[in-house]
Amino acid sequence: EKTVGKRNSNYARLLSNLGLLLAKEGKFAEAEQALVESRSLAVAIYGPDHPNTATVTGLLAVNYMNRGAYVQSEKLLVEVVGARERVFGKRSEAYADALGALAVLEGVRGDLGTSVSRMENAFAIEKEVFEPESPNVAIMLRRLGDAYRMASDYPRAVAAYRESME
């Protein structure tokens, strides 16, 4: 704070990194404080739809998810999906990743049908955006396999996992 000041992008990034590290240590309440402040600064500096703002908003949403605060997490992830759509469009990696994050939350919450459907949509976008051999496609395919597994659709989960390893 003394070195960089409080109202600039470097300080916001430091807070975001601090929040990530605190969350990795399981200190979710402290992580939340850092991420909330980082998000507030990002909105003030960049605006609500800027990619940096969406990134820290997503980190805060994951922190809430890890704490079991699913309503708060969902609200923020919906914001991220909207921001990614407005900035990058519906046929972009950023939008697909945001959909995937929302699908994970839905799966954790037990809304398995919605989770699978949303993850299938995210995977379809990734396939359009990247070459079939791209690691991004394989990662999203693995996440789709995870969604199938959570929904107890084991044959489709096995097929997705196998395809992601090819």
Side-chain angles (χ1 to χ4, degrees), residues 1-112 114-116 118-119 121-123 125-126 129-130 134-147 149-150:
E1 179 179 331
K2 292 177 183 178
T3 306
V4 297
K6 280 187 124 176
R7 298 255 331 143
N8 68 58
S9 61
N10 288 327
Y11 188 70
R13 192 172 315 111
L14 285 170
L15 283 170
S16 180
N17 289 341
L18 176 62
L20 277 172
L21 291 173
L22 289 167
K24 287 191 180 292
E25 292 182 335
K27 299 176 181 176
F28 299 117
E30 290 178 64
E32 178 182 340
Q33 290 175 335
L35 292 169
V36 164
E37 187 176 350
S38 178
R39 181 174 183 262
S40 176
L41 285 172
V43 169
I45 294 166
Y46 304 116
D49 285 347
H50 191 277
N52 292 352
T53 304
T55 296
V56 73
T57 300
L59 294 174
L60 180 57
V62 169
N63 191 66
Y64 284 138
M65 187 184 340
N66 289 335
R67 293 181 68 189
Y70 301 139
V71 172
Q72 292 163 298
S73 181
E74 180 178 29
K75 178 182 179 285
L76 294 177
L77 287 172
V78 167
E79 283 183 31
V80 172
V81 169
R84 297 295 196 201
E85 179 183 355
R86 287 185 293 278
V87 173
F88 298 107
K90 284 189 171 187
R91 295 292 176 223
S92 67
E93 175 189 11
Y95 179 74
D97 285 345
L99 283 181
L102 185 55
V104 168
L105 171 65
E106 291 161 342
V108 168
R109 263 195 351 226
D111 189 357
L112 301 175
T114 303
S115 175
V116 166
R118 197 176 306 276
M119 194 63 79
N121 188 17
F123 175 64
I125 294 167
E126 291 277 342
V129 172
F130 292 102
S134 168
N136 297 57
V137 173
I139 290 166
M140 190 61 77
L141 189 54
R142 181 197 48 81
R143 290 170 78 188
L144 178 59
D146 292 344
R149 180 182 46 79
M150 289 177 68

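Keep in mind that this is a model prediction, so the values were computed, not measured.
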Could you go through the side chain to side chain contact (heavy atoms under 4.5 Å, CB included) check for L99 and K90 one step at a time? CA-CA 10 Å; L99 283 181; K90 284 189 171 187; over 6 Å; no
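- Looking at M119 and M140, their side chains come closer than 4.5 Å, going by heavy atoms from C-beta outward.
- In this structure, the side chain to side chain contact (heavy atoms under 4.5 Å, CB included) partners of D111, at least two apart in sequence or on a different chain, are E106, R109, T114.
- A distance of 6.0 Å separates CD in E74 from CG in L105, rounded to the nearest 0.5 Å.
- Closest non-hydrogen pair, I125 versus A96, comes out as CG2-CB, 3.7 Å.
- Considering all non-hydrogen atoms of both residues, S16 and V56 come closest at OG-CG2, 3.9 Å.
- Counting only heavy atoms from C-beta outward, the side chains of Q33 and L15 never approach each other to under 4.5 Å.
- Remark: I139 CD1 to L144 CG distance equals 14.0 Å, nearest 0.5 Å.
- A donor-acceptor pair under 3.5 Å is formed between the side chain of T53 and the backbone N or O of A42.
- Between the T55 side chain and the P51 main chain, a donor and an acceptor come within less than 3.5 Å of each other.
- In this structure the side chain of S9 never reaches within 4.5 angstrom of the side chain of N52, judged on heavy atoms.
- Distance alone, capped at 3.5 Å, is enough to place a donor-acceptor pair between the S38 side chain and the A12 backbone.
- Proximity of V43 to H50: side-chain heavy atoms (C-beta onward) are nowhere separated by under 4.5 Å.
- The structure places CG of N17 at 9.5 Å from CG of L35, a figure rounded to the nearest 0.5 Å.
- The side chain to side chain contact (heavy atoms under 4.5 Å, CB included) check on L22 picks up L18, E25, K27, E30, A31, with sequence neighbours excluded.
- Applying the ring-ring contact (aromatic ring centres under 6.0 Å, His included) rule to F88 yields no partners; only residues at least two apart in sequence or on another chain are considered.
- Nearest heavy-atom pair, S73 versus A61, reported as atom, atom and distance to 0.1 Å: OG-O, 2.8 Å.
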Please test E79 against R39 for salt bridge (Lys or Arg N to Asp or Glu O under 4.0 Å), starting from the C-alpha separation and ending with a verdict. CA-CA 12 Å; E79 283 183 31; R39 181 174 183 262; 2.5 Å; yes
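- A pairwise comparison of heavy atoms in Y70 and M65 identifies CE2-O, 3.5 Å as the closest pair.
- Between V129 and R91, the shortest heavy-atom distance links the atoms CG2-O, 3.7 Å.
- Summarising the geometry of G107 relative to L112, their closest heavy-atom pair is O-CD2, 3.6 Å, with the distance given to 0.1 Å.
- Within the 3.5 Å criterion, the main-chain N or O of L76 finds no donor-acceptor partner in the side chain of T57.
- Summarising the geometry, atom CG belonging to L20 is positioned 9.0 Å from atom CG belonging to N63; distances are rounded to the nearest 0.5 Å.
- Between N8 and R13, the closest side-chain pair of non-hydrogen atoms is not below 4.5 Å.
- The structure places CG of N66 at 10.0 Å from NZ of K24, a figure rounded to the nearest 0.5 Å.
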